[in-house]
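Keep in mind that this is a model prediction, so the values were computed, not measured. Ligands are counted one by one from 1 in listed order, and the atoms in each one are counted from 1 as well.
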Amino acid sequence: MAAIAYVNGRYLPLHQASVNIEDRGYQFGDGIYEVLFAHRGRLIDAKLHLARLERSLAEVEIAAPMRASSLGAVISELLARNRAQTALIYIQITRGVARRDHAFPHPHVPPSLVITVRRKPLPPADLGAWGVGAITLPDERWARCDIKSTNLLPNVLAKEAARRAGAFEAILLDEQGLVREAASSTVWAVTAGGVLVTRPLDQHILPGCTRAALLELLGELNVRFEERALAQDELRQAREIFITSATSFVKPVLKLDGLPVGQARPGPVAEALYASYRARFGE
Ligand code: PDD
């Protein structure tokens, strides 16, 4: 069965789905996106993702093409048409199609909306199967990384550098050598002293929906937690490092810049958070 995409009001086979070459997303990266995970037919943290989508759109003054509730209905329809139960959902909204000119189009043009679905395996029961390597790199992105913009060139380059180094993620550091986040995920570490740390939200990192969901679960676990910036040295000496995102859930980083992290196996904090997160969606 051919995969089906949603493009500006139509459900089309993926190979027929296309956008205009003057779409501002294509020309300028002038767009916003979201990534959600459907688990056995249920969207995980949908409210958080749709609220963040609305916020990102408002920050760059792109009109929402439809209400969040209608978007939810389109996603359900798309999952059904793709016969997908466990899948990644990609939503992209751009400023629309107009003759190339950097400033916003005048008169106003309607935004473009594309949604695709890709079937995924269920997240593993055993976190050991899920461990990855990461490298550290300077953060070369813009100053508004709190907006989930499709303008991802520095993230693309960082991820490719990670891949070439045999790793999965690139952990991005600010000018002081403090951890911001990774190229496509939130970074957490358990320090040598046993404190779980993640960076406070500001304009330099994306407010992760998985991060928000996990923070709520922390209360149930017996974990010392601090929301603060982490120095590169603390990261190197960490007992545990893990990344989180809608597609990585809780993913242990077992190697950092080629060296083992802690015992080079998933640590108790990552295990506990992953278990509570999975329990939340009924696994
Ligand atoms: N990435 N930070 C960045 C830079 C991200 O791109 C992502 C998500 C996150 C985690 O956010 P969340 O927990 O809401 O998924 C943090 C998605 C999955 C992506 O770009 O594919």
In terms of residue, atom name and distance, what is the protein heavy atom nearest to atom 17 (C) of ligand 1? Lys148 NZ, 3.4 Å
Polar contact flag for Thr247 and ligand 1 (N/O pairs, less than 3.5 Å): no
Is the contact between Ala183 and ligand 1 made by the side chain, the backbone, both, or neither, using heavy atoms and a 4.0 Å cut-off? backbone
Apply side chain to side chain contact (heavy atoms under 4.5 Å, CB included) to the pair Cys145 and Ile205, showing each step before the final yes or no. CA-CA 5 Å; Cys145 292; Ile205 67 170; 5.7 Å; no
Is Arg141 paired with Glu181 through a side-chain N to carboxylate O contact shorter than 4.0 Å? yes
For atom 3 (C) of ligand 1, closest protein heavy-atom neighbour: Glu181 OE1, 3.5 Å
Go through the side-chain N and O atoms of Glu169 and Ser184 and say whether any donor and acceptor fall under 3.5 Å apart. yes
Quick one: does Thr186 get an N or O within less than 3.5 Å of an N or O on ligand 1? no
With only distance considered, is Thr210 within less than 3.5 Å of ligand 1 through an N or O on each side? yes
Per-atom contacts, ligand 1 versus His49 - under 4.0 Å to a heavy atom: 14 (O)
Check whether Arg119 reaches the backbone of Asn82 with its side chain - one donor and one acceptor, N or O, closer than 3.5 Å. yes
Search all heavy atoms of Val250 against all heavy atoms of Trp130 and return the closest pair with its distance. O-CD1, 3.1 Å
Can you find an N/O atom of Ser245 closer than 3.5 Å to an N/O atom of ligand 1? no
What is the closest protein heavy atom to atom 20 (O) of ligand 1, and at what distance does it sit? Tyr33 OH, 2.8 Å
Can you find an N/O atom of Ala246 closer than 3.5 Å to an N/O atom of ligand 1? yes
Counting both backbone and side chain atoms, is some N or O of Cys209 under 3.5 Å from an N or O of ligand 1? yes
Contacting atoms of ligand 1, where contact means under 4.0 angstrom from a heavy atom of Thr244: 10 (C)
Is the closest side-chain donor-acceptor distance between Thr191 and Gln237 under 3.5 Å? no
Plane angle bin for Tyr11 and Tyr6 - parallel if under 30°, tilted between 30 and 60°, otherwise perpendicular: perpendicular
Is Lys251 positioned over the aromatic face of Phe242, cation under 6.0 angstrom from the ring centre and no more than 45 degrees off axis? no
Membership question, hydrophobic clusters at under 4.5 Å side-chain separation (ILVMFWY): are Ile243 and Ile241 in the same one? yes
Is the NZ or CZ atom of Arg95 positioned over Phe104's six-membered ring, under 6.0 angstrom from the centre and within 45° of the axis? yes
Closest heavy-atom approach to atom 19 (C) of ligand 1 among Leu36, Val35, Leu152, Asn155 is made by Val35
Evaluate Ser184 for polar contact with ligand 1, using N/O atom pairs at a separation under 3.5 Å. yes
Mark the output for Ala182 as yes if a heavy-atom distance to ligand 1 is under 4.0 Å, and as no if none is. yes
Under 4.0 Å, heavy-atom basis, I'd like to know which part of Leu48 is in contact with ligand 1: side chain, backbone, both or neither. neither
